[in-house]
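The structure appears below as structure tokens.
First the proteins, then the strands, lettered A, B, ... as listed; each starts at 1.
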Number of protein chains: 2
Amino acid sequence: MPAQRADARRNYARILAVAEEEVAAHGADASLEQIARTAGVGSATVRRHFPTRRALLEAVSRQQIEALCARARELAGSGDSRGALLEWLGEVVAYSASARGLAAALARDGASPDSLYENSCSAALEEAGAPLLRRAVQDGAAAEDVTVADLITLVVGIVLATEHHPDPPAEADRLFRLTVAGLGPRS
Amino acid sequence: MPAQRADARRNYARILAVAEEEVAAHGADASLEQIARTAGVGSATVRRHFPTRRALLEAVSRQQIEALCARARELAGSGDSRGALLEWLGEVVAYSASARGLAAALARDGASPDSLYENSCSAALEEAGAPLLRRAVQDGAAAEDVTVADLITLVVGIVLATEHHPDPPAEADRLFRLTVAGLGPRS
DNA sequence: TGCTAAACGGCGGGGCCCTCCGTATCTTAC
DNA sequence: GTAAGATACGGAGGGCCCCGCCGTTTAGCA
């Protein structure tokens, strides 16, 4: 006895596939109705499988998020704690800047009453990044009151602000390096 | 012979006043129709005075922007070039975080064909901030390849990313300080 | 006081989001 | 194999919004 009916699973997959293309093409505010139309289902079905736009964005971004989490685990064993953290953050920037909708999925949405099980995407990333940051703090390469959430928020901010540039990934990377370096040579 | 008819000016003022409240209440994507209704004019009239949402946001933010420009001129004479630049940027953060819509008005919108006379808001800010940055660069307090536009973009990113937090201004300020400090004590 | 041009605003088209509810389809049990 | 029940579907309608058109009003000038 499947937890879900077979046709429901099929539709879920179809919708998700179409949504990936549509979000890639039109960004985080792609039309849900358009997705439904292309997938050949009713708009209600889309809403049934993905109650909120955010839910859909998170599902679309899932693979990328998991890849980033895996990368964090890889880097956790690296010798250079600061370098590992920066490398990982840089990849988060690169992914978010090139895969449209990812940044929006990561952005916290204060509109929710209970923020417990929500933000599954950003929660996963934060958990994966925690060891990296912890090690960097221990090595004195990062301030103690910084959280992974802070870093993710900064990254998301950079990506959001560069979203409309001619070459978002390049610009995002530039600003990220600038941020890492601090305002300038002399502090 | 007025460049504009008297009633047009009146309506402009009415709409702008209503828009300020509405944007303050509902953020950058306040309903233009709601503004028209509250102002007691047709929605076409709103569009006539403010062809794009961005135009309206810029008009709404004009006073704040000018205040920030004035502040930049004040700080231009300060002895501590780095301190002056940081002080100014901090105020940009504070303004943007507390006045809803300002960040959106500042955000570059790549949708425009000719970006010449556009972004009057951010253009003004950039011009006002240029001397501050120039001095900081001369004093070696900022990297040479940094532009005011970069700094504004970073600030806007921080504000956008913290927009949905419980206390946006506080969070934005935190992240700004974190950015200025660089990732950590050891670089 | 007329005339002209500027400004207004109602209206309709198109789109999107959201909800409801009758219907079709899958599962399971017999 | 079939009948019953649960599950999922999707069309339709309401509400809101942005946008453009165009007949009408009104301010400003002679």
Tell me: [atom1] of [X] to [atom2] of [N], nearest whole Å?
X       : N      : atom1 : atom2 : answer
B/Arg54 : D/dC18 : CZ    : P     : 16 Å
B/Arg47 : D/dC17 : CZ    : P     : 14 Å
B/Phe50 : D/dC19 : CZ    : P     : 15 Å

*Nucleic acid footprint by protein, nucleotides 3-10 of chain C - heavy-atom cut-off 4.0 Å, B for base, S for sugar-phosphate alone*: --BBSBBB

Can you list the residues that meet the side-chain contact (heavy atoms from CB on, under 4.5 Å) rule with [X], with sequence neighbours excluded?
X        : result
A/Gln34  : A/Glu22, A/Ser31, A/Arg37, A/Thr38
B/Ala130 : B/Arg134, B/Val148
B/Arg53  : B/Asp29, B/Leu32, B/Leu57

All N/O donor-acceptor pairs, side-chain side in residues 94-105 of chain A, below 3.5 Å, sequence neighbours left out:
unit_1	atom_1	unit_2	atom_2	d
A/Ser96	OG	A/Val92	O	2.7
A/Ser98	OG	A/Ala94	O	2.7
A/Ser98	OG	A/Tyr95	O	3.3

*Scan residues 121-152 of chain A for pairs that pass ring-ring contact (aromatic ring centres under 6.0 Å, His included), counting only residues two or more places apart or in two chains.*
none

*Tell me, which pairs form a ring-ring contact (aromatic ring centres under 6.0 Å, His included) where one or both residues lie in residues 64-86 of chain A, sequence neighbours left out?*
none

Strictly under 3.5 Å: I want the nitrogen or oxygen pairs between protein and nucleotides 12-16 of chain C, one per line.
unit_1	atom_1	unit_2	atom_2	d
C/dC16	OP2	A/Arg37	NH2	2.9

*State, with a plain yes or no, whether a side-chain heavy atom of B/Leu125 is found less than 4.5 Å away from one of B/Cys69.*
yes

Atom pairs and distances, side-chain donor-acceptor, residues 41-50 of chain B, under 3.5 Å, sequence neighbours left out:
unit_1	atom_1	unit_2	atom_2	d
B/Arg47	NH2	B/Pro51	O	3.1

